[in-house]
Structures are given as C-alpha cells and as structure tokens.
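For reference, the structure discussed in these notes is given below.
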Amino acid sequence: MAAVRICTLSGNMQALQVSISKAINRVTINSQKLSKIHALLITSGLGRSVFFAGKLISKYSYVTDVTSCLLIFRSMMHTGNVYLWNSIIRACTHNKMYAKALDMYSELRGERLIADTHTFPSVISACAGLLDIEMGESVHNHVKELGFGSDVYIGNALIDMYARLGDLGKAHTVFEEMARKDIVSWNSLIFGYSANEYWVEALEMYNQLRGIGIVPDLFSVSSVLPACGGVLAFNDGEIVHGLVHKIGIGKDVLVSNGLLSMYRKFGMLMEFRRIFDEMIVRDVVSWNTFVCGLSESGLFEESIMFFKRMVSVFKPDLLALTSIFRACSNSGDLRLGKYAHDYMKKCGTVTDTVASNVLIDMYGKHGDLLSSRNVFDQLTSKDRVSWNSIISCYILHSCSEEWVKLFKMMKMKTQPDSFLLVMLLSQGTHLGNKSLGIQLHCELMKMGFDADIFIGNALIDMYAKCGNIEDSNYLFRTMKCRDNVTWNTMIVSSVHSGNCFRGMELAAEMRVAGVLPDATTMLCVLPLCSLVAAKRQGKELHGCIYKLGFDSDVAVGNALVEMYSKCGNMKNCLRVFELMKTKDVVTWTALISAYGMYGEGQKALSTFHAMEATATAPDHIVFIAVLFSCSHSGLVEEGMACFNNMKNVYNIEPRREHYACVVDLLSRSGRLSEAEQFILSMPIEPDASIWGALLSACRRSTDTSIAERVSERIISINSNDTGYHVLVSNIYASLGRWDKVKTVRKSIQDKGLEKDPGCSWIEIQNKVYVFGVGTNVFAQYEEVRKLISELSDLMAKEGYVADLECVLHDIEEDDKRSMICGHSERLAIAFGLLNTKAGTPLQVMKNLRVCGDCHTVTKYISKIMKREILVRDANRFHLFKDGVCSCKDHW
DNA sequence: CTAGGGTTAG
C-alpha cells in the first residue's frame, strides 16, 4: 500500500498500475484494504479498466461481497468482454448463488457473446449446486458444440457435476473421454464414487491412480478414506494411512477426520483413539466423530466425558446432542440427557426427527414412558423410526395393550419394517414364548423379511433358547450371510446347550471366516476359556483385545480377570486387575473369587475391604464370593462377621445362596450341629442345596446320626438335581447302607436323571488330552498304568494307604483299589508326568470335585516326583507341592 | 469427513 501511495503522489501511471496490481494480488480476506484499493482505482482513473474490474470482482467474491461484484459488473456494462462475464459468473457460483450464476450465463448468451473455456467451469458448478440435470446437460451440449470437450477444467467440472447429480455413469464417461487428465479429474471421480457410496469403485479408481504412479493429494486421500471404511478394506486403509504420513498431510483436519472415521468403521478403537489424541487441530466434526464413536463402541461413560470436554470448546450442534442422548440412554446418566434436552429446546430445534427419536429411546430405556410419549406426540414429522421407538418402549415395559394400539395406528400411516419384528422376536425369546416365536417366524417369512440378517440372528437365538438347537443350527447353516452377532449367538448357544467343544470350534471357524470379533465376541468366548481352562486361547484373545482396543471395556476386563484366574494364571489375573482403569463390583468380585479358589481367604477379605474403601457399593454376589472364600480357608468368624454386615451395614437381604454359604462355612469347619441349628433357624425354607452343603461335610465326620437325618431330608425334598441324589447315595455307601444306596440309585433311574461323568484334562504343547473314569483307549495307556503302579509302590514306602471309602460302590476291595487308580485325574497326572520334562509344573482340570484319595495321592506324587501340580476341580484350585496342598486339606 | 430405531454378551 505504501508503494501505491508513493506512485499516486509521483503521478507515475505505469508504476501505479503495477503496484496496484501487486497490491490486489496480495489482498486476501481483508475487505477494508480492498475498499481502499477500490477507492484509489476510481480516483486515479483506472476504475474503468476491464483488467482491474475483473480483478476487483474476483477479490470481492472471495470476501463474499457479491453485491459489490455486481455493482462493478453493472457499471462496466456493454463492454462485451467475456472476461468480465466469467468473473461475475464465477463470483456468483463461488458464493453459492447458483441461480444468479445461471441467469448471468443466459444473459451472456442473450447478448450473443461467445463463451470461452473459462466460462464453463463455474456454469457447470452452478448446475451441480442447483441439482439441475436438464440445465447441466444443455450446458454440456453447449460445451460440445463449441468444441471445448478436451479442456481439463471443463472436464473436471463436468465429472464433479455428474457425480453430485448421482449419475456416476456419465461422470465416468466424461473422465474416460478426456484426452488429458490431471489429479483433479481423478479426485473428482473418486470423490463422486465415494460420496454416492460406490465404495468399491472409489477404491478401484484410487488404486488405478496409484498404479499409474501419480502421487495422490489431500483430496484424493480424503475421498478414498470413507470408501476404505465403507467396505472394511483394512489393508487399503492402512496403506493410505501410511501414505498420509509419507506425503505429510497428516496435520490436515479433513484428512485426519477421514482417518478417524475410517478407524471407527473398522472398529479399531486403539487407532481411533490415537488419531484423535494426535490431532493438532480438531473441529466440530472431529469431536462429534469421536464422541459418537465411543458411544457406538459401548463406551458411554467415556463418550459423556469427552462430550463435556467438547462443550467447553464448541457449542454442541444437533449431531453432538444426538450422540449424547444416545450415550445417556445407555448409561445411568438421565440427568445429563434431560439437561441436554432442555438445551436443545432453548436452541429451538425441538422438532428434529432424528434427535427426537433418540430422545424417545432415551426416556424409554430409563423407564420414563411419559416423557417418551411427550416427545413422540410433539414430533411434527414422525417417520418409521419414531413409531418403532415409541412402540419398542411399550414392548420393553410389557405394556401390550398400548403397543398393540400404537402398532395399529402405525399401520395406517406407514408400512412396518423388520425392526419391530426383531424386537418382538427377542421379547418373545426373553419371555421363553416359543409359540410366539414360531408364529412370528411364519409371519416374517410371508412378509419377505427372512433374508434380513438381524431377523436371522434373532431367530437363531430364539430357537436355541427355546431348546431347538437343531433348528438353530439349520438356520445358521442355510443363512446367506453371517455377521459377528451371528457367530456370537452361535457360540453362546453351543455353550448353553452344554457343548463347549462346539463353542471353541465355532470361535475358530469365525476367525477363519475373517469375521472381525467385537467386544461381545470376547464376552462370549472368554467365559468359555475360563470354563475349560483354555490357557492358550485365552491369552490369544487377550492379545486380540489389546490390539482391537477393547481393554478399556469394563466387562471385557472382568472376563479377562476371571479367565486368567480360572486358567490358573494368578499373575496375569492380578496384572489385568491392576491395569483396569475403571473397576466395578464385578471386577472386585472376580478377584475375590479368584483368591477364594486358591484358598487365600485373607487376601480375599482384604480385597473386599479395599473395595469398600473405593466406595464401590457391594451387591449380593460379592458377598457370595467373600463367604465362599472364608469357607474355603476356614475363616469361620470372619465369614460370619461378613454375613452379619451384609444385612446390618449394607442392608442387603441374604438370599438362599448366602445361607448355603454359611452352612458350608460352618460344616466345613466341622461345626455340624451348629450348621444344622442354623438351617433350622433360617427365615427361608431350606432346599436341597442348603442341606447338601451340610451333607457333603458329613462325609468327613464320624457323626452318622446327623448324616442319616440330613439324607432323609434331602430325599424328602425330592429335588431333580442329580448331584444331591449322588451325594446321598455316596453318603449311604460310606455308611455301608447298601440297601439305601440301591433305593436312591433306583430313584435316580426312575426320574431319568443322568450322572455327570467325571473327567479330567491336561494341556501339553497346545494339545488337550481328556481322560474319563476308566479311560483305556489312549495311546500310552499301558505306560500310564505302569507308572501308576510304580508310584503306588513308592507311595506305600512313604506310608500311603489307599482310602477305599472314596470308592462308593459295593464291590470287592481289590476292585475298589483298581477303580481308584482309574480316576480320571490320576490318569491325567500320570500322562502329564510321562510327557513333560522332569521338574515341569503340571496343570490338571477336573469337572467334578477331586476325591479324598486322589487328593492324598497327588500330595505324595508332588513330593516323590518333585513336581508342582495345580489341580482345578469344580470348586477351587489345589496347588500340590512337596507333599502338601495349598488348600490345607480344607476343601 | 460427523447424528437415529432392531439381533448376541453381562
């Protein structure tokens, strides 16, 4: 500007022109400076120069001052100069005044002026902006008539126009016909495919671009990222991500938002978080994507936390509010939801359909049906989702009259979709209503919804839960496509139907099928690992969880703690526990149970007290764990104190399970008559489980009268649980009452009950070997047999005498002896000894409780063979070392 | 580049 002033003063016109020209070029978005230059031009007499008028129009256009553009243009009228026309059309298009731009174009043609190549790009963009197909095609024809078909800028504009009009065929044709293409041509086409969700084509074009060696830019990248996310092209996505760093566009908001959104679609939480963390500039989109992504992954609390951080920087828009309603509907925080709702009302966007639909759901999930209904009634444009949401609220709260009424109303306005049917189906499943399920299955087949994957999944679940595992399998096999939920459902169904092996198999098949597991998959498979003590699979899952970023999920963490403890890996169990950022009652319960199973009663108690110190409210389940731990460590007084505190301090009414634990606690410590008195003084009716707890302790007592009394009680209760019948039968056997044994066994048979066959298993070099009672078909049977008999001799020298009372059959002594030796845990241990190097610790699992003689024998073996042997039975762990067991014979 | 309802786990 200083230079301009000097030139003006000196009167050197040529120098003045040059300096003004330079000054104009430098002006960016500062409209004040622009008006000064404009004034200078007028005073210096250069105002009528076409060159400067064009420059000014273009500059005013950039500061969105179209009025000034038009004023300048009109003041230059009848110059007949196309350059000026181009400037004004460009200015209009640039400021989204598309109709005005097209008016100017018509005016230009009316003036019989010939448009040039610079005219068309903005005219074409204007057609695209107005979504005016007819006009667009007519302009395209005009371009052809004038022979401008080979102009790169016009071609690019045409590609972009057809893409925005959704006609990718034409866009591609224009692209193909272009003799010369630049990066913008490619970008326009990739963007077009991507914006219209032709993910595969977008990716293909991007890869073609890469194939011919052109380096993509920021726009190519931000167009292809949604496509990678859309088709879950993990490899392509990661390659693009790599390229972003290589060409240094990682700092760009558009690009990093694209990456953020892609990893969100991939479900890769860890990368998703990292991208967000490392962003230098974050806009509303970044925040919305992040908050919404967290919520989508079930991390509602965290989503709320980031929402709160977001609103300290940005005013939340409708999208952000919608996300937070969703998070609130799935977390306990209804207050925040209500607060945000009030805020939305103040902003005057109450009637937004999407947001209102989430609100209906939010209030419904929190049981506030009235508010749900209010939002629904006030909604001016209800769509299918609105109807589904309000109806599902009533279904969820079993208000059948109300939902049927609404359902009828809905059918008058809009066609019901599969969503409602899925909801009904699952509700029927939860209520165990099989006939409703089958009826719905027929209905939805008539309606043609049977190919819907959600319907399929719900049906599989329905049949499995109703006990038709065959039908459920059939549906699974014949399904056209399966997703992670399908697999999760199948895995859980197999486990519930008692087929753990099938569950494991399905988990492996799922992986082979390339279906990405989600947090729920982990929650389905981890308990399975815990159940069968699948150490290796468990660890692999942990790795997977870490990689996919599910480790911040509390439920997943809890499942990991349990898995490690049940697999005998206390070290990792503790490590996971300690690393968990948020812990809930379940987390603490898992660790307390773990200590309980290892007979570490004191540690269990101190863990419980540590939990109390964190102000985590105990529930009735954590007390079961604490009582169990005390009972397995002989901490009678401490256990009783907890039992009393539960009621007096925490106001939790003891349930049957708690009473059973106390009975167990007392009787395990030999206080049998006290236990009996306790049962008789309980405020609830004792059932087989309560008497059973007492009876199992009677086996180690000499007081036969109490055993007989309790046995009679259990039989009179007439339970259908095989376990208690077997227990009674065993007690009679140990008392030598073979007549009674026969009666009980007959009653078991009459009832058609089956005894759980005992089995043990051991994992050696990633292979699991299973042994049942009297198994004699495995490869090394003879060697195992020989080893057991050699060990018997060695043990006899140490003073071992077989405790034949553990064999509860009415057979000869010798047969008893050989039967004991065939107990599955013994076979597994011997097999382990044969197949591992000296000194290697062994780990054996058993589905039932370990018998007294096997317990003694294992102690001897640990001493003689100098091995640590960890045995997990149905109840707890026994660590045998140097002739003693960690349970101190208290199990 | 960002927002809504359905299935699985607990």
Side-chain angles (χ1 to χ4, degrees), chain A residues 191 194-195 218-219 221-226 229 252-262 264-265 283-293 295-296 298 316-327 329 352-362 364-365 383-393 395-396 417-427 429-430 449 452-462 464-465 483-493 495-496 517-528 553-556 558-559 562 584 586 621:
Chain A
F191 169 80
S194 199
L218 191 154
F219 298 103
V221 165
S222 44
S223 297
V224 79
L225 284 173
D252 185 87
V253 196
L254 209 71
V255 171
S256 34
N257 283 350
L259 285 170
L260 197 63
S261 159
M262 179 184 79
R264 177 184 153 188
K265 288 184 199 151
D283 62 6
V284 186
V285 176
S286 332
W287 281 98
N288 282 348
T289 309
F290 194 63
V291 168
C292 188
S295 173
E296 193 181 49
D317 57 5
L318 257 175
L319 273 69
L321 288 170
T322 310
S323 298
I324 210 61
F325 293 150
R326 185 175 171 198
S329 78
D352 182 79
T353 308
V354 174
S356 298
N357 292 344
V358 190
L359 277 168
I360 294 171
D361 183 61
M362 180 184 85
K365 285 220 172 87
D383 64 5
R384 229 178 259 187
V385 181
S386 323
W387 286 97
N388 287 344
S389 302
I390 190 70
I391 293 174
S392 76
C393 285
I395 293 179
L396 210 65
D417 56 15
S418 63
F419 281 69
L420 259 186
L421 283 158
V422 168
M423 252 160 345
L424 278 171
L425 210 49
S426 96
Q427 192 63 11
T429 308
H430 286 306
F449 289 144
D452 183 300
I453 192 157
F454 280 84
I455 293 270
N457 293 342
L459 282 172
I460 288 182
D461 187 49
M462 187 272 289
K465 288 227 170 79
D483 64 2
N484 50 356
V485 177
T486 319
W487 289 95
N488 296 348
T489 310
M490 281 304 290
I491 292 169
V492 170
S493 302
V495 180
H496 281 262
D518 61 358
T520 305
T521 312
M522 303 304 161
L523 294 174
C524 296
V525 188
L526 279 173
L528 190 49
D553 187 321
V554 187
V556 172
N558 295 345
E562 194 194 353
D584 60 10
V586 185
I621 300 170

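FYI, side chains are in, hydrogens and waters are out, and symmetry mates aren't considered; it's all heavy atoms of this structure. Lettering of chains follows the sequences in order, A, B, ..., and the numbering in each one begins at 1.
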Practice problem: Go through the N and O atoms of the side chain of Asp452(A) and the base of dG6(B), and report whether any donor-acceptor pair is under 3.5 Å. | Solution: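 Flag set: donor-acceptor pair detected.
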
From [X] [atom1] over to [Y] [atom2], what is the distance, rounded to the nearest 0.5 angstrom?
X: Ser286(A); Y: Leu259(A); atom1: OG; atom2: CG; result: 11.5 Å
X: Asp518(A); Y: Trp487(A); atom1: CG; atom2: CH2; result: 14.0 Å
X: Leu420(A); Y: Phe449(A); atom1: CG; atom2: CZ; result: 9.5 Å

Return the nearest nucleotide to the side chain of [X]; candidates are [options].
X: Leu254(A); options: dC1(B), dT7(B), dT2(B); result: dC1(B)
X: Cys292(A); options: dA3(B), dT8(B), dC1(B); result: dA3(B)
X: Asn457(A); options: dA9(B), dT7(B), dA3(B); result: dT7(B)
X: Asn257(A); options: dT8(B), dA3(B), dC1(B); result: dC1(B)
X: Phe419(A); options: dA9(B), dG6(B), dT2(B); result: dG6(B)

Spacing between [X] atom [atom1] and [N] atom [atom2], to the nearest angstrom:
X: Lys265(A); N: dT2(B); atom1: NZ; atom2: P; answer: 5 Å
X: Asp352(A); N: dT2(B); atom1: CG; atom2: C1'; answer: 14 Å
X: Phe290(A); N: dA3(B); atom1: CZ; atom2: P; answer: 15 Å
X: His496(A); N: dG10(B); atom1: NE2; atom2: C1'; answer: 11 Å
X: Leu420(A); N: dG6(B); atom1: CG; atom2: P; answer: 11 Å
X: His430(A); N: dG6(B); atom1: NE2; atom2: C1'; answer: 12 Å
X: Phe454(A); N: dG6(B); atom1: CZ; atom2: C1'; answer: 6 Å
X: Asn484(A); N: dG6(B); atom1: CG; atom2: P; answer: 15 Å

Self-check item: Under 4.0 angstrom between Lys465(A) side-chain N/O and dA9(B) OP1 or OP2
Solution: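 Yes, because at least one side-chain N or O of Lys465(A) sits under 4.0 Å from OP1 or OP2 of dA9(B).
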
Quiz prompt | Arg264(A) vs dA3(B): side-chain N/O to OP1/OP2 distance below 4.0 Å | solution =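 Yes.
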
Quiz item: Is a donor on one side and an acceptor on the other found under 3.5 Å between the side chain of Thr489(A) and the backbone of Val485(A)?
Solution: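 Yes, Thr489(A) side chain to Val485(A) backbone: donor-acceptor pair under 3.5 Å.
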
Quiz item: Does any donor atom in the side chain of Thr520(A) or Asn488(A) lie under 3.5 Å from an acceptor atom in the other side chain?
Solution: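 Absent: no donor and acceptor within the cut-off.
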
